[in-house]
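Only a predicted model underlies this, so the values are computations on that prediction, with no experimental measurement involved.
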Amino acid sequence: MYHHHCLGIRRANPTKEKHVSTNDLISHRNQYKGQKAIFTLSLVAIFTLWVWQFHQIIFSFNSNQSLGRAEIEPNEPPRRIRAREDNVAKYRAAIIHANKILVFYNLFVAGTEDEERVQDIVNEQLAVLDPQLHYINASITSLGHPLPRIPDQMTREHIVEGGDEGETLHALWNYCRSNNNHDTKVVYLHSKGSFHPSEQNDKLRRFLTEGALSGECAHLPDTCNVCSSRMSPLPHPHTPGNMWLARCDYVAKLVDPFALKEKKLPKQYLHDNACHGYGRFFFEHWVHSHPSVSPCDLYAGNEYTWAYEHVPRVPFRKNLQRAPRFEFNHYVQMESSLCPLTPDAVLGRQVKDYKTIYNSVALADSWWGWNFFTRASSHPPPSNKRIITNKRRTVPRSPSASFCYSEEGSLHHIALDMIQHSSRPGSPSYEKLKHVLNLNQQFYINLGSPIFHRNEVSISTMLQGYGLNPTVGRPSSHIITTILVETKLTDSVCRISEDECRDYPRILIQIDHDKLGNEVELCHSSPNCIIVDSSIHNLATAVEKGWTHSFVLLPVMIQSVSRLESQELKLEPLQTRSHSIVYLDRIDDTPKALLWTNNTNQHPETFNLSEMRLRDMTNLYRNTKVCVVSRRYYTSSVGGGYKHLSELARFGCIPVFETFSDSIGTSSFEHCGRVIFSNEEELLKRATDVVGVINHGLINDFTHVDWWKKGVNWGQLLLHFIV
């Protein structure tokens, strides 16, 4: 409020005026009118100046937006650019953003024991929200166990069972359909690491969150409709880890995320396929799945492209630019060495997806893929990537030593991730495990079948490393002074089903990957029994039944040495081996092997595995190029057969394995163990493709065998974890 005295106008003091004539009154009135006019003109001038200045701020800000800081005219003087950016920075706080950004957050909590850890994840991510850019009350879809300290106004929906990322993405999609305009934006985040706690997940979560909630993404230029820390076009277009910002007029064009669970997509989309972005990988592909996508990303460094290796630490310097920002060959990674990653193959898959999902192959001139694939076709692979091109197929020759022979890429690290996932220090299952291990100084192990002999060796080494001693001979059933280590197949000294034996110290090794028997429930009910399992699928079942306090995840089904290795194996080169494919399957409920010596067009030989001698099985595996394992009585929703993986891989054959739901270590199995995961319908086709790769000499080393042999350091495992 401007006062008269500010303009030099002072009110006369009547007590000091002894005589006022008519002329004086007229003179004062005229003087007042003049001063009033000056005052009015001054206000108009100030207001005009303010409007002009505000207009300049908006103009400068919009110019900065449209250029995206990565498309500034090359001839523009640097001083002018800096001055304009300084001007924007100076006045940005004064600009009121009419369209704040709503954040959709997918939250998962497995159980009560995870509350504190997951609450820390939520607090960490939501603390990055900028109240000038984002609505502070995010729209949270809560899955599994409810988190008590989430405000009610932020919880859009709570789903106890059966939910996944599709629930939150569907809500985001509906919001954009109702707010279908170019200026409305949304952010998608999720509590990465809440289900699989690991340092890798923590690093990737922080990297993605910082980008998705950044001012650079919030002010993305018109040339972009999706923005994230990193966009990768391989093996399918996606943001690794799946956190991003997008414009609503673009999101509204996407297929309904519920199309997957409602089975409205073709059959192949229902099966997990990391190469194509199908199954559980579909949600990561979803936001980049439309032909009109125009992605931008923020991280300029070229050491990180996708997956988990070399994830940048936060905070990181942001440089918004159209994506993909690197050439094709820079995105080729070992993790998908046998997924066809030539420009023609990737382009063909992408165009097929556009046609299948959106019934469109019309690609605009601005489509991100034109320059990307054109440049790739005209440039051979760089020699420092050690990539060989043969018949338009590009395959890296061997696993990356920097990752696979580091602690982070080892089987031992997978074991630590598993036990950390199920039984973090201080959790009920962690405390129960310590309690059982400390009950006695001795243990007796009998897993009930000769096929588990090598597993017995691993478990025994682990317990001895903790300080326990194995008994000599079978203990007496009358006085149990040892910890019993057994399976449901064991002829137990004292069966857990017997009331008088219920509370004996016991470690129950779970050998089924698709079901939990009555013995598991009995073990949970005993204060002195702990269940050791290899399957996340079974752990999820235990969560539903309320048995998690007795469940510990450890890869005890991985054989430290294959039961078929009676001596040091001399590995024959894959290319010269006599058999192409051995296909292990259950036919008529009998374990059998189908053997192709040349190609799958021929009729295979059939062997009954239960009747084969170990020497014959050893010769079969050591002379085969590709070993295929099908678990027909399984589905992709159950746990994996680590025992078969560790048994076959040591013979050098490339394992092609039916997909299973366990996800801890999958990246290392693929990257370092050369395991090819596929749905059951495509197993033989994938195996035939791998044989072709081997026959062309593109896989001629056994670095994956060395990785398997390095194995788990069983003697140190419990000491590394239990305090």
Interatomic spacing from NZ in Lys192 to CG in Asn201 - rounded to 0.5 Å: 4.5 Å
Euclidean distance, Asn273 CG relative to Tyr278 OH, rounded to 0.5 Å: 7.0 Å
Contact check, side chains of Leu133 and Lys100, non-hydrogen atoms, under 4.5 Å: no
Set of residues satisfying side-chain hydrogen bond (donor to acceptor under 3.5 Å, both in side chains) with respect to Asp365, sequence neighbours excluded: none
For Pro233 against Trp368, the heavy-atom pair lying closest together: CB-CZ3, 3.8 Å
Within-4.5 Å side-chain heavy-atom neighbours: Asn181 and Asp249: no
Beyond-backbone contact of Ile140 with Ile150, side-chain heavy atoms, under 4.5 angstrom: yes
Nearest non-hydrogen partners of Trp370 and Ala364, listed with the distance: NE1-O, 2.8 Å
Residue pair Pro221 / Arg247: nearest heavy atoms and the distance that separates them: O-NH2, 3.2 Å
Closest contact, heavy atoms only, Ser360 versus Pro291: OG-CG, 4.3 Å
Pairing residues for Phe283 by the ring pair (Phe, Tyr, Trp, His ring centres under 6.0 Å) criterion, not counting sequence neighbours: none
Lys318 to Phe316 six-membered ring, cation-pi geometry met (6.0 Å, 45°): yes
Partners passing side chain to side chain contact (heavy atoms under 4.5 Å, CB included) against Ile101 (at least two apart in sequence or in another chain): His134, Lys185, Val187, Ala218, Leu245
Pairing residues for Phe108 by the ring pair (Phe, Tyr, Trp, His ring centres under 6.0 Å) criterion, not counting sequence neighbours: Phe195
Test item: side-chain donor near acceptor, Glu309 and Tyr304, under 3.5 Å: no
With His170 via ring pair (Phe, Tyr, Trp, His ring centres under 6.0 Å) - residues at least two apart: Trp173, Phe258
Euclidean distance, Leu539 CG relative to Ser535 OG, rounded to 0.5 Å: 8.0 Å
Flag side-chain contact, heavy atom, 4.5 Å: Cys672 against His704: no
N/O donor-acceptor pair under 3.5 Å between Glu284 side chain and Gly241 backbone: yes
Flag, side chain of Tyr269 to backbone of Lys263, donor-acceptor distance under 3.5 Å: no
Salt-bridge contact Arg349-Asp353 (side-chain N to carboxylate O under 4.0 Å): no
Within-4.5 Å side-chain heavy-atom neighbours: Gln350 and Val346: no
Positive for side-chain contact (heavy atoms from CB on, under 4.5 Å) with Cys296, one of Glu216, Arg322, Arg325: Arg322
Residues in side chain to side chain contact (heavy atoms under 4.5 Å, CB included) contact with Asn371, at least two apart in sequence or another chain: Arg375
Pair Glu165-Asn242, side chain to side chain donor-acceptor pair (under 3.5 Å): steps then yes or no: CA-CA 10 Å; Glu165 285 188 87; Asn242 201 26; 3.2 Å; yes
Ring geometry between Trp286 and Trp244 (parallel below 30°, tilted from 30 to 60°, perpendicular above 60°): tilted
Lys261 with Glu167: basic N within carboxylate O range, under 4.0 Å: yes
Donor-acceptor contact present, side-chain His219 to main-chain Gly215, <3.5 Å: yes
Spacing of Asn180 atom CG and Lys253 atom NZ [to the nearest 0.5 Å]: 8.5 Å
Any residue meeting side chain to side chain contact (heavy atoms under 4.5 Å, CB included) with Pro131, in chain and number order, not counting sequence neighbours: Ile136
Trp707 side chain vs Gly409 backbone, donor-acceptor pair below 3.5 Å: yes
Pairs satisfying disulfide bond (SG atoms under 2.5 Å apart), at least one member in residues 153-217, at least two apart: Cys176-Cys248, Cys217-Cys227
For Lys203, all residues meeting side-chain hydrogen bond (donor to acceptor under 3.5 Å, both in side chains), sequence neighbours excluded: none
Nearest heavy-atom neighbours spanning Val293 and Val287: CG2-O, 4.0 Å
Qualifying residues under side chain to side chain contact (heavy atoms under 4.5 Å, CB included), relative to Asp417, sequence neighbours excluded: Ser198, His413, Ile664
Whether Tyr354 and Trp367 hold their rings parallel, tilted or perpendicular, with breakpoints at 30° and 60°: perpendicular
Exam field: side chain Ser229 to backbone Phe207, donor-acceptor pair closer than 3.5 Å: yes
Residue pair Thr184 / Asn179, side-chain donor-acceptor N/O under 3.5 Å: no
Phe677 ring center near Phe669 ring center (under 6.0 Å): no
Any side-chain heavy-atom pair of Arg230 and Trp306 under 4.5 Å: no
Heavy-atom side-chain contact between Asn302 and His330 under 4.5 Å: yes
Main-chain N/O of Glu157 paired to Thr155 side chain as donor or acceptor, under 3.5 Å: no
Phe104 ring center within less than 6.0 Å of Tyr188 ring center: no
Inter-residue atom distance Arg280.CZ - Asp164.CG, 0.5 Å rounding: 12.5 Å
Parallel, tilted or perpendicular: rings of Phe328 and Phe372 (30°, 60°): tilted
Donor-acceptor contact present, side-chain Asn679 to main-chain Asp272, <3.5 Å: no
Side chain to side chain donor-acceptor pair (under 3.5 Å) between His182 and Asn225, intermediate numbers included: CA-CA 9 Å; His182 189 68; Asn225 50 30; over 6 Å; no
With His288 via ring pair (Phe, Tyr, Trp, His ring centres under 6.0 Å) - residues at least two apart: none
Nearest-0.5 Å distance, CG of residue Leu107 to CE of residue Met154: 10.0 Å
Ring-ring centroid check His236 His285, cutoff 6.0 Å: yes
Ring centers of Tyr105, His190 separated by less than 6.0 Å: no
Note, Asn329 side chain near Glu327 side chain (heavy atom, < 4.5 Å): no
Cationic N near anionic O, under 4.0 Å, Arg686 to Asp689: no
Atom of Pro197, atom of Gln420 and distance for their closest heavy-atom approach: CG-O, 3.9 Å
Contact list for residues 124-144, test salt bridge (Lys or Arg N to Asp or Glu O under 4.0 Å), sequence neighbours left out: Glu124-Arg205, Glu124-Arg206
